[in-house]
There are 2 protein chains.
Amino acid sequence: MASIKDVAKLAGVGIGTASRVLNNHPNVSDATRTKVLEAIKKLDFVPSEAARNLKLKTSQEVALLIPSTMHPYLSKIAYHVEEELFKYGYKMMLCNNHAHVDKELSYLTMLRRNKIAGIIGITYNDIESFIQADIPMVSIDRNVGASIPCVAADNFEGGRIACRELIAKGCSQLAFLGDLTSTKSEVKQRQKGFVYEASLHGLDVFSFSDIEKEDIHDNFAYIESFLDATTDIDGVFCISDLLAASFIKLARRRGRLVPQDLKVIGFDGIQDTTFFHPVLSTIKQPVDEICRVAVELLIRKMDEPDFTADIIHIPVTYIEGETT
Amino acid sequence: MASIKDVAKLAGVGIGTASRVLNNHPNVSDATRTKVLEAIKKLDFVPSEAARNLKLKTSQEVALLIPSTMHPYLSKIAYHVEEELFKYGYKMMLCNNHAHVDKELSYLTMLRRNKIAGIIGITYNDIESFIQADIPMVSIDRNVGASIPCVAADNFEGGRIACRELIAKGCSQLAFLGDLTSTKSEVKQRQKGFVYEASLHGLDVFSFSDIEKEDIHDNFAYIESFLDATTDIDGVFCISDLLAASFIKLARRRGRLVPQDLKVIGFDGIQDTTFFHPVLSTIKQPVDEICRVAVELLIRKMDEPDFTADIIHIPVTYIEGETT
């Protein structure tokens, strides 16, 4: 009996592409679709989940390791990854790890035992050593290792865009407000891009994440000390929308109004409506495209275990809100 | 070798309770915990996933059928159901069905083939006939059938509370703003509770969901026609927070300000911060408790296939925001 591999071979395309045609995925050219459909007809190929399971010796299930679906950015990731996997006939196991390494490891143990077909992970823990090469994995937002393809928003370019937008609005005293925790994540590139673009304009950036703040343990105190240190700034780029929103609230309490006294740009694009104010000016992450590419990479990695790739960056867009 | 069933029997408790003790679940009395721990010791019981799998002849996996994790209420459901299932050693397969009956049926077919251990569903489709009695299922928010236990927020009481709060704020011209689509869902009880409470105070309610609006296909036009019909109201209860937020925005365009001219209460409690305005006055759904009970019912249903229960209502709370 013909397999999808035979179909792909005859059509001269990858298995991922053949699978997309089978699942009526829109992102296939007409020429490719025709070639695959002809191969299917010629080989009398009948898709069968049972046959595929038997062949792959794994379940038709992919695990999504994610800190928490409570966060709006991450709940969108869960939505789009599930949608993309479904197109390829895969189900998704949702593993909230709450950024706790023990729950994450416990899940990874489960996954090994259950012969999961693959893993898509957003993880901020050091789990490299635990990830077995025999489970295909793709990472989102963090470069975990060379054998694990990674896809992320173009965070560096996002930082550059934010800087240009603030300058275009007349800002010249720039500051970057980062996270409390430092990670190896790609997210760090937002700051680098912002600082780089400012340097091209001959401007310095007051970067708060560089400061020693060992005695600060909550966002509130963190932002307050940032406000203490930045009485003369007029443009702030925040590493996330939620941080931007809390910063704007605390600045207002001190009589520093946004956008009149201070212009603020966030990152993520978590607001789906304009019902709630302030509507943030922000760098929007292309969540749907990130997930589409992540699933595509995973399908390829399942087919070619030795496949490696440099990190893939997906373009971001600037959304003008009420805070610039 | 002793099983958890033996432990439960010796301790004189249900399997669900014994499992909760094993997983250090907080919601167990000290007396019960002691009894179970003594039974475990006496029987030299060692928990084993492999043994349990073999015994149950199913995977240790539960499917969550849910319209979409893009909606903030539903993404919280996904978070808490996963967390509760993990305590019992179960993994969660996330199935966004987008309220499309074909994707839902496709998932149900998959689930049958894969011997899923159980299903927790939030579904607005007519899938009763498709749900096999041999897969234990629990429903959230919708009473699907007598053999399928259901848990929901106390929507009726929520409607009553909203009515009392509006009256306490001086409102006497009340209106209810419902959904465009009618479903068999428990959510309908919000309107019933609101109207019932108003009647106790001798007040009528203008209920918009009763009106013929066959020619209206989007929320925007729907709310505009509601505004046309309700120029003299002073208190509105909206069936959801998102509807309340869009209603407030459109009312403002007509110069009808909230809360000055009109007081508005929503339902759900989707705002986790007070960073974005208006902060809605709302009836908050007890999502964590709904999910805890749903998983508890499912564990019981797995143990006792004939178990039936009347719908379980979880108390709601009123959150005072800026819109009343």
Side-chain angles (χ1 to χ4, degrees), chain A residues 49-50 53 59-64 66-72 74-83 85-86 89-98 103 106-107 109-111 113-114 116 241-250 252 270-280 287, chain B residues 49-50 53 59-64 66-72 74-83 85-86 89-98 103 106-107 109-111 113-114 116 241-250 252 270-280 287:
Chain A
E49 194 186 340
N53 274 346
S59 73
Q60 286 302 92
E61 197 163 5
V62 168
L64 177 67
I66 196 170
S68 164
T69 46
M70 293 288 256
H71 190 289
L74 299 175
S75 69
K76 285 180 192 184
I77 293 270
Y79 174 84
H80 288 291
V81 167
E82 189 266 0
E83 183 152 276
L85 285 172
F86 188 80
Y90 283 91
K91 300 175 291 294
M92 185 183 88
M93 187 194 299
L94 179 68
C95 311
N96 284 313
N97 58 41
H98 311 77
K103 190 172 178 193
S106 163
Y107 258 125
T109 308
M110 270 192 196
L111 300 183
R113 209 157 46 201
N114 285 277
I116 199 88
D241 285 344
L242 284 177
L243 194 65
S246 52
F247 168 72
I248 289 165
K249 180 170 181 152
L250 294 184
R252 169 179 289 271
I270 57 170
Q271 286 171 298
D272 296 316
T273 72
T274 55
F275 301 151
F276 299 101
H277 303 276
V279 177
L280 299 168
V287 183
Chain B
E49 194 187 337
N53 274 346
S59 73
Q60 287 301 94
E61 196 163 7
V62 168
L64 177 66
I66 195 170
S68 165
T69 47
M70 293 286 257
H71 190 289
L74 298 175
S75 69
K76 285 180 191 183
I77 292 270
Y79 174 85
H80 287 292
V81 166
E82 189 266 3
E83 182 152 276
L85 285 172
F86 189 81
Y90 283 92
K91 299 175 292 294
M92 185 181 87
M93 186 193 302
L94 179 67
C95 311
N96 284 314
N97 57 42
H98 312 76
K103 188 169 179 196
S106 163
Y107 258 127
T109 308
M110 272 192 196
L111 301 182
R113 210 156 45 199
N114 286 277
I116 199 88
D241 283 345
L242 284 177
L243 193 65
S246 52
F247 168 72
I248 289 165
K249 179 169 181 152
L250 294 184
R252 168 180 290 269
I270 57 170
Q271 286 170 298
D272 296 317
T273 73
T274 55
F275 300 152
F276 299 101
H277 303 276
V279 177
L280 299 168
V287 182

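First the proteins, then the strands, lettered A, B, ... as listed; each starts at 1.
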B/Thr69 OG1 to A/Leu74 CG distance, which is reported to the nearest 0.5 Å: 10.5 Å
Side chain, backbone, both or neither: which part of A/His80 has a non-hydrogen atom closer than 4.5 Å to chain B? side chain
So which of A/Lys76, A/Met70, A/Gln271 has the biggest tally of heavy-atom pairs under 4.5 Å with chain B? A/Met70
Select one option (side chain, backbone, both, neither) describing which atoms of B/Pro278 are under 4.5 Å from chain A's heavy atoms. both
Residue selection (most heavy-atom pairs with chain A, distance under 4.5 Å) from B/His71, B/Glu83, B/Arg252: B/Glu83
CG (A/Leu280) and CZ (B/Phe276) are apart, to the nearest 0.5 Å, by 4.5 Å
Test item: A/Thr274 and B/Lys249 side chains (from C-beta on) under 4.5 Å apart, heavy atoms: yes
Between B/Ala63, B/Ser246, B/Ala78, which has the largest tally of heavy atom pairs under 4.5 Å with chain A? B/Ser246
CD on A/Glu82 to CG on B/Leu94, rounded to 0.5 Å: 5.5 Å
